[in-house]
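What follows is a short report on a single structure.
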Amino acid sequence: MGQKKKNNRMAGKIAERDQADLLKKQSAAQEQYDTDIAALRDFEVTDFYDSLSATTIGRDNVEMASQNLKFNRDGVLQEGLGELPDYVKANLANLGPAGTTNVANLARGADTGLTNTMRNLQVSTAGAALQAQEADQSLAATQDLIAQTGSGGGGASALAAAAARSKAGIAADIDMQVKQNEMLRAQGESTLQKDLLGQGNLASQFDLGQQQFNKQQQNQFALTQFGAENQMNMFNTGQQQQQNMALFSAANQMAQFNAGQNMAASNSEFQSMANANLQNATAINNALAQDAQTQTSFDLSRAAGQAQSQSNEYDVNANLLDISTNELSEIDAKTAENQAVIDLGKMSKKSKFFSDRRLKKNIKLIGKSNSGINIYLFEYINKLLGEGVFQGVMSDEIPAHAIVKHHSGYYCVDYSLLDVKFKSLT
């Protein structure tokens, strides 16, 4: 064990000579790391698409290739819409009034012949007179009988009363006939008024229908008259106008021929001009559209290229940071290990040894101490900390009071505070 401590102290001296160079390299790596991470942190990403806008074709720069041509009656190109020809106006002015029908003789009101057939109903009194006569005869017969039989005045009074009642009944029957006749006359008058009203409505409807018919006849006459006048003006009908008709026909044919020729020439000229304008406008519009598409594609491509370039620049900075991070990590590890060797050389004079699991390999559990601490066999990864197989503990499994954190970041163990001895078994 004494030789092992001696070797550790020798390795510590060698590590001390190398430590200054490692610290310089560590400082340079740290500075490069700080520079790279600052560059990546301050890297500003630009939205190259933010200011882009689509290039479009506006209504102001689109060529229009349409024209509205109008021709007059002679086939001559004109600017505005033409009015009705004079000969049509003349025919319209000469239209005469249409014939009408007369409904003045249509029967209305009392002229319809409608009467109240119940107005002159009479009361029949023949039956009443017969009943009165029969009552008188019966009374006379009864009086004769009374006289013959010698009956008293009481019988005569009763007979007179009966005769009076009989005549009262006859009067009531006549009054009933009068009332019934008055009711029938009223019903007849009401029926007559309804019939008169219906007749008046029928006459009004007939008037309206007749007016519509007259208007239709007038319109039909106007149309017929207009057609006749046009036909007359076109052909100058009549024996007296035969020669004029022939002259007019010849002049009209010549005018139609000239108009047709003018129309054909105008149409041909217009069609040629329209085709040329359409082709020119199409070519201009296609060129404008192509130019707009090219500009938009160029802007998008340029923005994509700028974005990709910036992305590549960011990737380069990130890669440089990865490189500087790895270099710093490696130099930190070497510096820490070297410092651990130095400290190991110093601690060889004491009871403190590196027992951090991160510094060891081939770790194997072989038992427990009396206090229950696990005892392991292991080797150091860095041979400067020691070569061969050692016996000891792991710093992450022992009581905290026996653990010492080294400034390199690794943990050491003070074995003087444990019931386990640190041993080299090689």
Side-chain angles (χ1 to χ4, degrees), residues 1-30 32-34 37 321-426:
M1 185 67 183
Q3 182 62 36
K4 180 61 179 176
K5 292 183 177 180
K6 183 179 180 180
N7 291 338
N8 289 342
R9 289 194 292 271
M10 182 63 68
K13 292 180 180 180
I14 296 173
E16 285 180 354
R17 290 196 299 268
D18 297 338
Q19 188 70 358
D21 183 57
L22 289 174
L23 290 175
K24 289 181 181 179
K25 293 181 179 179
Q26 185 184 36
S27 177
Q30 184 65 49
Q32 184 63 48
Y33 172 81
D34 293 340
I37 196 171
L321 177 62
D322 290 340
I323 294 173
S324 60
T325 300
N326 293 334
E327 290 180 349
L328 180 60
S329 298
E330 291 178 0
I331 194 65
D332 284 345
K334 289 181 180 179
T335 303
E337 291 177 358
N338 197 67
Q339 184 64 43
V341 173
I342 294 173
D343 293 338
L344 182 61
K346 294 179 179 179
M347 287 189 300
S348 296
K349 301 176 183 180
K350 303 177 182 179
S351 58
K352 296 182 180 68
F353 297 92
F354 280 101
S355 293
D356 197 308
R357 190 185 297 270
R358 293 172 294 174
L359 299 174
K360 300 174 181 181
K361 66 179 181 178
N362 300 327
I363 300 172
K364 182 179 180 181
L365 178 65
I366 60 172
K368 291 181 179 292
S369 68
N370 294 332
S371 63
I373 299 175
N374 291 331
I375 302 174
Y376 295 92
L377 296 180
F378 60 87
E379 298 179 45
Y380 284 110
I381 296 174
N382 191 331
K383 301 302 181 182
L384 293 177
L385 296 179
E387 293 187 19
V389 180
F390 295 87
Q391 175 184 300
V393 298
M394 298 296 157
S395 61
D396 57 337
E397 295 181 352
I398 63 173
H401 70 277
I403 299 174
V404 179
K405 185 175 182 180
H406 190 259
H407 59 78
S408 64
Y410 298 108
Y411 292 98
C412 300
V413 173
D414 187 351
Y415 280 88
S416 64
L417 301 176
L418 301 176
D419 59 348
V420 178
K421 299 296 182 180
F422 182 81
K423 298 178 182 180
S424 174
L425 302 181
T426 301

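For this chain, numbers begin at 1 and follow the sequence in order.
Leu418 CG to Ile373 CD1: the interatomic distance, rounded to the nearest 0.5 Å, is 4.5 Å. Ile14 CD1 to Leu384 CG: the interatomic distance, rounded to the nearest 0.5 Å, is 7.5 Å. Note that CG of Leu321 and CG of Leu328 are 10.0 Å apart. Values are rounded to the nearest 0.5 Å.
More than 12 heavy atoms of other shown residues, nucleotides or ligands fall within 6.0 angstrom of atom NZ in Lys361.
When side chains are defined from C-beta on, Phe390 does not count as touching Leu377, because their heavy atoms never get closer than 4.5 Å. Residues Thr335 and Ser408 are not in side-chain contact: their nearest non-hydrogen atoms beyond the backbone lie 4.5 Å or more apart.
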Exercise for the section: Please report the C-alpha distance between Val393 and Tyr415 in whole Å, then the side-chain angles of each, then the deciding distance to 0.1 Å, and finally whether the side chain to side chain contact (heavy atoms under 4.5 Å, CB included) criterion is met. Expected result: CA-CA 9 Å; Val393 298; Tyr415 280 88; 3.6 Å; yes
Problem - Residue pair Phe353, Val413: steps toward the side chain to side chain contact (heavy atoms under 4.5 Å, CB included) verdict - result: CA-CA 6 Å; Phe353 297 92; Val413 173; over 6 Å; no
Practice task
Apply the test side chain to side chain contact (heavy atoms under 4.5 Å, CB included) to residues Glu387 and Ser424: give CA-CA distance (whole Å), side-chain angles for both, the deciding distance (0.1 Å), then the verdict.
Solution key: CA-CA 9 Å; Glu387 293 187 19; Ser424 174; over 6 Å; no
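A side-chain donor from one of Gln30 and Asp34 sits under 3.5 Å from a side-chain acceptor of the other.
Looking at residues two or more places apart in sequence or on another chain, you find no salt bridge (charged side-chain N to carboxylate O under 4.0 Å, His left out) involving Asp322. Here Asp356 pairs with Arg358, Leu359, Ser395, Tyr410, Tyr411 under the side-chain contact (heavy atoms from CB on, under 4.5 Å) rule; sequence neighbours left out. For Asn374, the side-chain contact (heavy atoms from CB on, under 4.5 Å) partners two or more places apart in sequence, or in a different chain, are Leu365, Lys368, Tyr376, Glu397. Residues satisfying the side chain to side chain donor-acceptor pair (under 3.5 Å) test with Ser324, not counting sequence neighbours, are Asp36. Residues meeting the ring-ring contact (aromatic ring centres under 6.0 Å, His included) test with Phe378, sequence neighbours left out: Tyr380.
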List the atom pairs, donor and acceptor, that lie under 3.5 Å between side-chain atoms in residues 22-29 and the rest of the protein, sequence neighbours left out.
from  : atom 1 : to     : atom 2 : distance (Å)
Lys25 : NZ     : Asp21  : OD2    : 3.4
Gln26 : NE2    : Asp332 : OD1    : 2.6

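In terms of heavy atoms, Lys352 sits closest to Val404 at CE-CG2, 4.1 Å. The shortest heavy-atom contact between Ile381 and Lys360 is CD1-O, 3.5 Å.
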